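Remember, it's a predicted structure, so these values are computed and weren't measured experimentally.
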Amino acid sequence: MANLIVKHTNSLHDLLDKTRMFEGIAPLLLRLYLAPVLMQAGYNKLSHFEDTAAWFGNPDWGLGLPMPEVLAALASGTEFFGGMLLIVGLATRWISIPLMITMIVAALTVHIDNGWLAIADRTSWLANDQVMEASERLGRVKEILKEHGNYDWLTGKGSVVILNNGIEFAATYFVMLLSLFFTGGGRYFSIDYWLARKFRTVAKG
């Protein structure tokens, strides 16, 4: 009986090992998910650079950071050009580092005071006082729209929600980037893989 269990266990392990030939798909999907999100964020900052720098530096209605022009340029450039590198899988592990730092800074300076949730959802076990208050405001918004607007048309493509702007997205992107830092761009589907393979062949030669 024990031998039979060991045999079946080894067979399962062998089957799992055969799936390693497809291991490049996971980092590919992470890269393709992250790239447009980061590029859009960077593009928005670059397109309105003066406003971005002002928001970075203003202590009253912004972040109050030092050297706002420099930091705004670093953040927007890292997101936009880093996203481009992720698409093709070039310097994946290297670019993941400044991108992770960008996510940490965003989480700690912009989102952390709002809690975890990106969208205010009072039914979530992560809902804080701010989310609960937002749900009351959301209820009033819906009442106004139903009374004075074409509510069915306005919500025909989705429900009305209130953005809570918590750390949820920044934390999720950080975890995805951390995974890419350890795995790299992935087998077959990244320039990193083919460059590494070429240089290994040259080194052996």
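- For residues 91-109, the set of pairs meeting the side chain to side chain donor-acceptor pair (under 3.5 Å) definition, not counting sequence neighbours, comprises Thr92-Asp192.
- Clustering ILVMFWY residues whenever any of their side-chain heavy atoms sit less than 4.5 angstrom apart, transitively, puts Met100 in the very cluster that holds Met39.
- Hydrophobic clustering of Ile, Leu, Val, Met, Phe, Trp and Tyr side chains at less than 4.5 Å, counting indirect connections, unites Leu90 with Phe182.
- A 4.5 Å side-chain heavy-atom check between Leu86 and Ile95 finds at least one atom pair inside the cut-off.
- Between the side chain of Asn164 and the backbone N or O of Asp121 there is no donor-acceptor pair closer than 3.5 Å.
- Listed here is the closest heavy atom pair of Glu168 and Ala118: OE1-N, 2.9 Å.
- Partner of Leu99 under the side-chain contact (heavy atoms from CB on, under 4.5 Å) criterion, out of Leu178, Leu180, Leu177, Leu85: Leu177 alone.
- Between the CD1 atom of Ile87 and the CD1 atom of Ile191 there is a distance of 11.0 Å, given to the nearest 0.5 Å.
- When hydrophobic clusters are built by joining Ile, Leu, Val, Met, Phe, Trp and Tyr residues whose side-chain heavy atoms come closer than 4.5 Å, directly or via intermediates, Ile162 is not grouped with Ile167.
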Could you go through Asn165 and Val110, starting from their C-alpha distance and side-chain angles, then the distance that decides it, and tell me whether this counts as side-chain contact (heavy atoms from CB on, under 4.5 Å)? CA-CA 8 Å; Asn165 210 25; Val110 180; 4.1 Å; yes
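- Classification of Glu143 and Arg140 as a salt-bridged pair holds, one side-chain N sitting under 4.0 Å from a carboxylate O.
- Residues Ile101 and Leu74 do not share a hydrophobic cluster, clusters being chains of Ile/Leu/Val/Met/Phe/Trp/Tyr side chains in contact below 4.5 Å.
- Rounding to the nearest 0.5 angstrom, the gap separating the CZ atom in Phe56 from the CE atom in Met67 is 12.0 Å.
- Here Ile25 sits in one hydrophobic cluster together with Met21, Phe22, Leu28, Leu29, Leu32, Tyr188, Phe189, Tyr193, Trp194; the rule is ILVMFWY side chains under 4.5 Å apart, joined directly or through other members.
- Looking at every heavy atom in both residues, Ser190 comes nearest to Gly89 through CB-O, 3.6 Å.
- By the 6.0 Å contact criterion, CG on Asn150 is enclosed, its count of non-hydrogen atoms from other residues, nucleotides or ligands being greater than 12.
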How far apart are the C-alpha atoms of Ser179 and Leu30, what are their side-chain angles, what is the distance that settles it, and do they pass the side-chain contact (heavy atoms from CB on, under 4.5 Å) test? CA-CA 9 Å; Ser179 177; Leu30 286 178; 3.7 Å; yes
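- The nearest pair of heavy atoms linking Ala73 to Phe49 is N-CE1, 3.6 Å.
- Rounded to the nearest 0.5 Å, atoms CG (Leu34) and OH (Tyr173) are 7.5 Å apart.
- Hydrophobic cluster membership differs between Ile119 and Leu126, with clusters built from Ile, Leu, Val, Met, Phe, Trp and Tyr side chains linked at under 4.5 angstrom.
- Pairing each heavy atom of Pro68 with each of Ala53, the nearest pair is CB-O, 3.2 Å.
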Take Val131 and Asn128, measure what side-chain contact (heavy atoms from CB on, under 4.5 Å) needs, and give me the verdict at the end. CA-CA 5 Å; Val131 170; Asn128 55 16; 3.2 Å; yes
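- What you find for Met132 and Ala127 is that their closest heavy atoms are SD-CB, 4.1 Å.
- For Trp61, the CH2 atom counts as densely surrounded, since its 6.0 Å shell holds more than 12 non-hydrogen atoms of other residues, nucleotides or ligands.
- Of all the heavy atoms in Pro27 and Gly184, the pair that sits closest is CB-O, 3.6 Å.
- Contact of the Leu38 side chain with the Met103 side chain is registered, since non-hydrogen atoms from C-beta on lie closer than 4.5 Å.
- Residue pairs meeting the side chain to side chain donor-acceptor pair (under 3.5 Å) criterion with at least one partner in residues 21-45, sequence neighbours excluded, are Glu23-Arg187, Gln40-Asn44, Lys45-Glu79.
- The NZ atom of Lys142 sits 15.5 Å away from the CZ atom of Arg137 when rounded to the nearest 0.5 Å.
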